[in-house]
Protein chains: 2
Amino acid sequence: MGITSSQVRQDFFTFGGFGLQGYGYDVELLCREIGNILGLGIMYQMVIIGAGNLGQALAKHTSFEKRGFRVIGIFDVSDRIIGEKISGVEIMHIDSLAEFTTQNHVDIAVVTVPYAYAREVVDKAVGLGIKGIWNFASAELKVPDDVVIENIHLSDSLIVLGYNLKKKGRETDPSAAKDK
Amino acid sequence: MGITSSQVRQDFFTFGGFGLQGYGYDVELLCREIGNILGLGIMYQMVIIGAGNLGQALAKHTSFEKRGFRVIGIFDVSDRIIGEKISGVEIMHIDSLAEFTTQNHVDIAVVTVPYAYAREVVDKAVGLGIKGIWNFASAELKVPDDVVIENIHLSDSLIVLGYNLKKKGRETDPSAAKDK
DNA sequence: TAGATTGTTAATCGATTAACAATC
DNA sequence: TAGATTGTTAATCGATTAACAATC
């Protein structure tokens with residue numbers, strides 16, 4: 001992964017030593033400790049807001065549950081799909097989210113609504129006491145200090161890829177060898 | 001977005017000045033220049049490899065095309081779905097990718113296959129001369145120097161979110177106020 | 001001129017890397 | 001003891017921030 005041994009030791013050192021000088025690491029113990037630090041033992045409950053292509057794809061993605069992230073509800077505004085089930089989880093109307101949160105503990109809201117609604121949806125989730133936001137809308141959203149947000153900006157990632165492609169192409173092109 | 005004016009000026013400076021001291025920036029010109037640097041005028045052609053939930057969701061995502069990234073082919077191994085069309089683009093068998101690339105210019109391969117096949121698929125794409133990889137498999141893949149790879153690690157992002165939630169929870173919890 | 005704004009250099013900060021002591 | 005490996009500090013590197021000169 002392109003990480004130096006120095007960096008590994010330095011990172012472990014931040015959380016206290018896990019090995020024995022001159023002997024090595026007990027890999028099994030080390031993995032367990034890192035898992036504990038990352039909180040991999042915890043099961044988080046998620047709701048997906050926005051049952052479009054991406055929302056449904058994430059709901060069907062089975063590997064999140066293995067890592068401790070379970071989808072317990074999907075919400076949308078489109079009457080056409082409300083009532084349907086995705087991987088055994090019902091699509092409900094966004095208006096019933098408030099009631100849902102009183103009956104179920106929700107750790108994370110997955111925001112897969114269009115850009116224009118992201119702000120509103122996040123405010124609603126935060127207002128209902130949800131402390132984690134996994135945001136797929138291409139918007140930079142402000143949240144209160146006690147709320148954690150993690151962004152997946154797909155378009156940004158594509159643009160970076162395109163930029164690097166363009167740059168790499170120029171480097172290879174001898175007619176533009178001078179600029180780096 | 002939490003960026004200082006210093007950082008904005010420093011970043012612009014890297015590419016040469018776009019403004020006029022004491023006067024300001026011509027915003028329209030500036031946007032155009034940044035667009036040129038990022039290569040937003042270019043249209044890139046993409047193939048999606050892996051027509052599962054995520055692959056299909058990305059194929060249906062209309063906003064990429066607006067940014068200059070067009071899906072021109074979808075590939076999979078499942079006979080059940082080959083021949084189907086997603087947003088007007090046909091799902092083809094992965095074995096026909098080689099022929100496809102001789103008839104169509106492909107800039108980017110979007111890899112949405114399971115972890116176990118990612119390595120193989122990327123090697124194949126690179127072998128066919130595709131210079132850009134947009135990787136959604138949770139694998140750290142090595143590519144040759146002239147190939148650009150951009151990763152979207154969804155599980156990593158979720159784990160970071162979970163870790164920050166856990167940390168924030170501890171900070172709020174007065175019984176564990178000491179560790180930071 | 002006075003105020004405002006950008007260009008450019010210098011200072012600061014944080015993360016990565018190197019070095020070596022402390023072990024087994 | 002010799003070789004190997006981790007813990008911990010110091011040096012290096014790069015990015016962010018601050019400062020101020022150069023304008024309009």
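Residue numbers start from 1 in every chain, and the chains themselves are labelled A, B, ... in the order their sequence lines are given, proteins ahead of strands. These values consider heavy atoms only, across backbone and side chains, with no hydrogens, waters or symmetry-generated copies.
Under 4.0 angstrom from either OP1 or OP2 of C:dT17 there lies at least one side-chain N or O belonging to A:Thr4. For B:Tyr25, no side-chain nitrogen or oxygen approaches OP1 or OP2 of C:dA4 to under 4.0 Å. OP1 and OP2 of C:dG3 both lie 4.0 Å or more from every side-chain N or O belonging to B:Tyr23.
Take the nearest nucleotide of DNA chain C for A:Gln7 and for A:Gly22: the residue whose nucleotide is more 5' is A:Gln7. Both A:Ile3 and B:Phe18 lie close to DNA chain C; mapped to their nearest nucleotides by heavy-atom distance, the more 5′-ward contact belongs to B:Phe18.
Ring pair A:Trp134/A:Tyr44: centre-to-centre distance not below 6.0 Å.
Cluster membership for B:Phe69 and B:Ile48, using ILVMFWY side-chain heavy atoms within less than 4.5 angstrom, is shared.
Distances from the side chain of B:Gln10 to the nucleotides C:dA22, D:dC24, D:dT17 place D:dT17 closest. Closest to the A:Phe13 side chain, of the nucleotides C:dA10, C:dT5, D:dT8, is D:dT8. Distances from the side chain of A:Leu20 to the nucleotides C:dT6, C:dC24, D:dG7 place C:dC24 closest.
Rounded to whole Å, the distance from CZ on A:Phe12 to P on C:dT16 is 14 Å. Rounded to an integer number of Å, the gap from B:Asp11 CG to C:dG7 P is 12 Å. Atom CG of B:Asp26 and atom C1' of C:dT5 are 15 Å apart (whole Å). Rounded to an integer number of Å, the gap from CZ of A:Arg9 to P of C:dA15 is 19 Å.
A salt bridge is absent between A:Asp146 and B:Lys168; no separation between the charged side-chain nitrogens and carboxylate oxygens falls under 4.0 Å.
Nucleotide D:dC13: paired with C:dG14 (Watson-Crick or G-U wobble, both distances less than 3.5 Å). Using Watson-Crick or G-U wobble geometry with both donor-acceptor distances under 3.5 Å, C:dC24 finds its partner in D:dG3.
Contact of A:Gln21 with C:dT23 (side chain to base): no donor-acceptor pair of N or O atoms is detected under 3.5 Å.
Counting non-hydrogen atoms of other residues, nucleotides and ligands closer than 6.0 Å to CG of B:Asp95 gives a total above 12. Counting heavy-atom neighbours within 6.0 Å of A:Phe64 CZ, excluding the residue itself, gives a total above 12.
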